[in-house]
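Remember, predicted model here, so these are calculated numbers, not experimental data.
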Amino acid sequence: MTTLTQPLRDEHKELFPHIESLKLAGLSVHGTLSQESLDLIDEAYDFLATHLLPHAHAEEAALYPVVQKVMGSRHATATMSRDHVEVETLTRELALLRGQVTAPEVGVKMANDLKRVLYGLYTLVKVHFAKEEEVYLPLLDANLTPDEAIEMFEAMEKAAGEANATAHG
């Protein structure tokens, strides 16, 4: 059965393999970083910066206001918005750590910091998506009209495009 929120469910489904790649990148980190490990870290950062953060911006701009309206509280999405702040903070930290890697030998502290950030991002994003899928999307399916859902998704697409353009412009 197709739901009104199927486009967002489909987008999440496309993002899930990339979320798993955050864990794989963390698993690849040791005191010596192979080229494969560096590539996994770079791919993880690229996914976060070019896909996930624009997706989060779109949620803030277009999805969460609708959820707040349906739930009758402007605070209904506060914890989810906090997740977005932390994802952005950890993404910046990942970029800083990766920028400090100048040789394959990174040492215990750097390896632990990279693992902490990658595993933290993996867990945070995975749980965040689960909360949306299990709580918000069923509420929207039950309370939106098809036209309202279309309007919401068009606004999300526009906001994601603007966020991506700002990040790359």
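Clustering of Ile, Leu, Val, Met, Phe, Trp and Tyr side chains at separations under 4.5 Å places Y136 together with L4, L8, L63, Y64, V66, V67, V70, M71, M80, V135, L137, L139, L140, L144, M152, F153, M156.
Between the OG atom in S28 and the CG atom in L38 there is a gap of 8.0 Å [rounded to 0.5 Å]. Note: I19 CD1 to L24 CG = 12.5 Å, rounded to the nearest 0.5 Å. The OG1 atom of T5 sits 9.5 Å away from the NE2 atom of H12 when rounded to the nearest 0.5 Å. A distance of 9.5 Å separates CD of E43 from NE2 of H18, quoted to the nearest 0.5 Å. In this structure, D46 CG and S21 OG are separated by 10.0 Å, a value rounded to the nearest 0.5 Å. Distance check: Y45 OH to T50 OG1 gives 9.0 Å after rounding to the nearest 0.5 Å.
Annotation for I41 and L118: closest pair CG1-CD1, 4.1 Å, computed over non-hydrogen atoms. The minimum heavy-atom distance between A25 and A44, with the atom names listed, is CB-CB, 4.5 Å. For A76 against Q68, the heavy-atom pair with the smallest separation is CB-CA, 4.4 Å. Looking at every heavy atom in both residues, P54 comes nearest to A49 through CD-O, 3.5 Å. A pairwise comparison of heavy atoms in A61 and A159 identifies CB-CB, 3.7 Å as the closest pair.
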Atom pairs and distances, donor-acceptor, side-chain atoms in residues 90-97, under 3.5 Å, two or more places apart:
from	atom 1	to	atom 2	distance (Å)
T91	OG1	V87	O	2.7
E93	OE2	R116	NH1	3.4
E93	OE2	R116	NH2	2.4

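Pairs engaging residues 23-38 under the salt bridge (charged side-chain N to carboxylate O under 4.0 Å, His left out) rule: E20-K23 [sequence neighbours left out].
Ring orientation note: the planes of H84 and H128 are tilted relative to one another, at an angle of 30° to 60°.
Looking only at side-chain heavy atoms (C-beta outward), H57 and N164 stay at 4.5 Å or farther from each other. Residues E154 and K158 form no side-chain contact, since every pair of their non-hydrogen atoms from C-beta on lies 4.5 Å or further apart. E11 has its side chain out of reach of Q6: every pair of non-hydrogen atoms, C-beta onward, lies at least 4.5 Å apart.
Note on L40: it does not cluster hydrophobically with L52, by side-chain heavy-atom contacts below 4.5 Å among ILVMFWY residues. No single ILVMFWY cluster, assembled from side-chain heavy atoms under 4.5 Å apart, contains both Y119 and V117. Placement of V101 and L22 within a single hydrophobic cluster is found when ILVMFWY residues are connected by side-chain heavy-atom separations under 4.5 Å, directly or transitively.
Of the possible donor and acceptor atoms, one in the side chain of E148 sits under 3.5 Å from a partner among the backbone N and O of T145. Within the 3.5 Å criterion, the main-chain N or O of P104 finds no donor-acceptor partner in the side chain of T32.
By the 4.0 Å N-to-carboxylate-O rule, R82 lies close enough to E86 to be salt-bridged with it.
Applying the 6.0 Å contact sphere to CZ of R9 captures more than 12 heavy atoms from other residues, nucleotides or ligands.
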**Request:** Kindly indicate, with the supporting measurements, whether the criterion ring-ring contact (aromatic ring centres under 6.0 Å, His included) is fulfilled by F129 and H55.
**Result:** CA-CA 11 Å; F129 274 34; H55 174 84; 5.6 Å; yes
**Message:** If you apply the rule side-chain contact (heavy atoms from CB on, under 4.5 Å), what do you find for K131 with D83, and how did you get there?
**Reply:** CA-CA 11 Å; K131 291 185 289 188; D83 289 353; 2.9 Å; yes
